[in-house]
Amino acid sequence: MTVAVHVENLTRRFNDLVAVDHISFEIGQGEIFGLLGPNGAGKTTTLSMLATMLKPTEGTATVNGIDVERDEDGVRRSIGIVFQDQSLDEELTAWENMDFHGRLYRIPTEVRNERIDELLKLVELSDRKDDIVKTFSGGMRRRLEIARGLLHHPLVLFLDEPTLGLDPQTRNHLWQYIATLSREKGITIILTTHYMEEADRLCNRVAIIDHGKIIALDTPRNLKDGIGGDVVTIVSADTAAIARTLQEPWINRMDTNDGEVVISLRNAEQHISEIVTTLASRQIPISSISIHKPTLEDVFLSFTGKTIREQEAGNTEIMRQHMKMMRRH
Ligand SMILES: Nc1ncnc2c1ncn2[C@@H]1O[C@H](COP(=O)(O)OP(=O)(O)O)[C@@H](O)[C@H]1O
Ligand SMILES: [Mg+2]
């Protein structure tokens, strides 16, 4: 395996906050690698350090064998970046936006024109190439940004929350583009997301990140298999009683979480009636019970005791408190 990205003990502090906390991993050439975690987990900070936009406080990283601190320009020439705040020029056409980027990278005119045409075709924007970006939908803009990020033929492409704010259909469509890109061009793609489905569907391997730390890293398949079978979710007013009562050996793990008991077990269909009978015989209330195959959300829950959704709600709450405090002073 040719190593595209090597990260060792990479750390970034902002004053007292450790936004990225001694993370280590390696990404092979051609992989689609995902950093999955809730808002504030440290995903963008990690990507920013790899893209040389932010200095690490500690640790090292190389991209395409080039050290991010020793040779920023070298790294920058070999990567493409599509970040949230990297915007297109609204008043220029799709083609002009591409052309502008190509000139920045000093790509000779003839090669530039050829590549722009090829990339616009790849993201299906050829027939809109002469329209100004102002008239584009969110999905079209994102596709154009990705095409632009590829113009100088980077070996590694960084995508920060590539489908944030897009509707599910556009999101699905974009996943197909990204997968095609990886397949046809063999470039390494590192993306961040807080959509577990995105990480699951698109990535060869996923690092789950929470509070700046990698808490699990593997293929989506292995991560899901690791939690021990199917997932049964019981919604109840007395989750504590359920946790006390269900002590069966076929239960691989159990988490109680905000009015829900989440149980992992193999062959859940065979045990579900037993669960219901046991709880009913003790008069323990059940509002609902459901079975599903494990998702990366279940993996996140099993490692952190929280869902990504809740973690985000928590952040919103922190932000709200912060705003209130600011108002008072
Ligand atoms: N420039 C900065 N100054 C201070 N704190 C920052 C800065 N950038 C990010 N942070 C903090 O670092 C943490 C990680 O942020 P970030 O990497 O943006 O998370 P994510 O991309 O996973 O949502 C958050 O708590 C965020 O508030
Ligand atoms: Mg981010």
Side-chain angles (χ1 to χ4, degrees), residues 5 7-25 27 32-61 63 68-69 72 79-87 138 141-142 145-146 149 156-166 171 174 178 189-200 202-203 205-217 223 296-297 299-301 303-304 306-326:
V5 176
V7 171
E8 212 163 300
N9 279 322
L10 197 65
T11 301
R12 173 69 202 206
R13 292 197 178 83
F14 295 111
N15 302 316
D16 288 342
L17 175 80
V18 189
V20 175
D21 195 356
H22 299 89
I23 60 171
S24 302
F25 57 84
I27 306 174
I32 303 182
F33 186 88
L35 287 169
L36 171 71
N39 275 325
K43 305 182 296 294
T44 301
T45 305
T46 303
L47 230 51
S48 303
M49 288 190 281
L50 295 179
T52 76
M53 291 147 67
L54 200 62
K55 285 239 174 274
T57 315
E58 237 183 89
T60 55
V63 177
V68 295
E69 286 195 90
E72 292 186 7
I79 62 172
I81 43 181
V82 181
F83 270 55
Q84 286 306 310
D85 51 4
Q86 232 207 1
S87 57
R141 284 164 197 240
R142 205 55 57 79
E145 285 175 335
I146 292 173
V156 178
L157 181 67
F158 294 101
L159 301 173
D160 193 23
E161 308 254 4
T163 65
L164 185 74
L166 302 179
R171 181 173 299 160
L174 206 62
I178 296 171
I189 297 174
I190 306 173
L191 63 91
T192 73
T193 184
H194 65 282
Y195 299 119
M196 51 183 172
E197 201 196 341
E198 180 158 291
D200 195 347
L202 202 50
C203 298
R205 284 190 308 144
V206 174
I208 300 184
I209 174 165
D210 188 35
H211 297 301
K213 289 195 172 77
I214 291 178
I215 53 175
L217 195 169
L223 287 170
L296 292 182
E297 181 76 282
V299 177
F300 188 83
L301 173 67
F303 279 103
T304 66
K306 280 189 159 200
T307 60
I308 291 181
R309 223 172 338 114
E310 273 177 341
Q311 197 81 299
E312 307 231 297
N315 282 328
T316 314
E317 190 48 40
I318 290 166
M319 181 69 86
R320 201 174 286 137
Q321 296 294 343
H322 184 70
M323 300 296 272
K324 273 195 212 153
M325 248 167 57
M326 304 254 293

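Everything numeric here is computed off the predicted structure, so don't read it as measured data. Both counts, for ligands and for their atoms, begin at 1 and track the order of listing.
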Would you say the side chains of [X] and [Y] form a donor-acceptor pair under 3.5 Å?
X      : Y      : value
Thr60  : Glu69  : no
Glu72  : Thr52  : no
Thr192 : Asp160 : yes

field: Worked verdict on Tyr195 versus Asp200 for side-chain contact (heavy atoms from CB on, under 4.5 Å)
entry: CA-CA 9 Å; Tyr195 299 119; Asp200 195 347; over 6 Å; no
query: Is any side-chain N of the basic residue among Glu58 and Arg13 closer than 4.0 Å to the acidic one's carboxylate O?
result: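 Answer for the salt bridge query: yes.
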- prompt: Thinking salt bridges, do Glu161 and Arg142 make one under a 4.0 Å N-O criterion?
  reply: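 So Glu161 does not pair with Arg142 through a salt bridge.
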Neighbour list for ligand 1 [protein residues, heavy atom under 4.0 Å]: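 Heavy-atom contacts below 4.0 Å: Phe14, Leu17, Ala19, Pro38, Asn39, Gly40, Ala41, Gly42, Lys43, Thr44, Thr45.
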- prompt: Any N/O/S atom of Asn39 sitting less than 2.8 Å from the Mg ion (ligand 2), backbone or side chain?
  reply: no
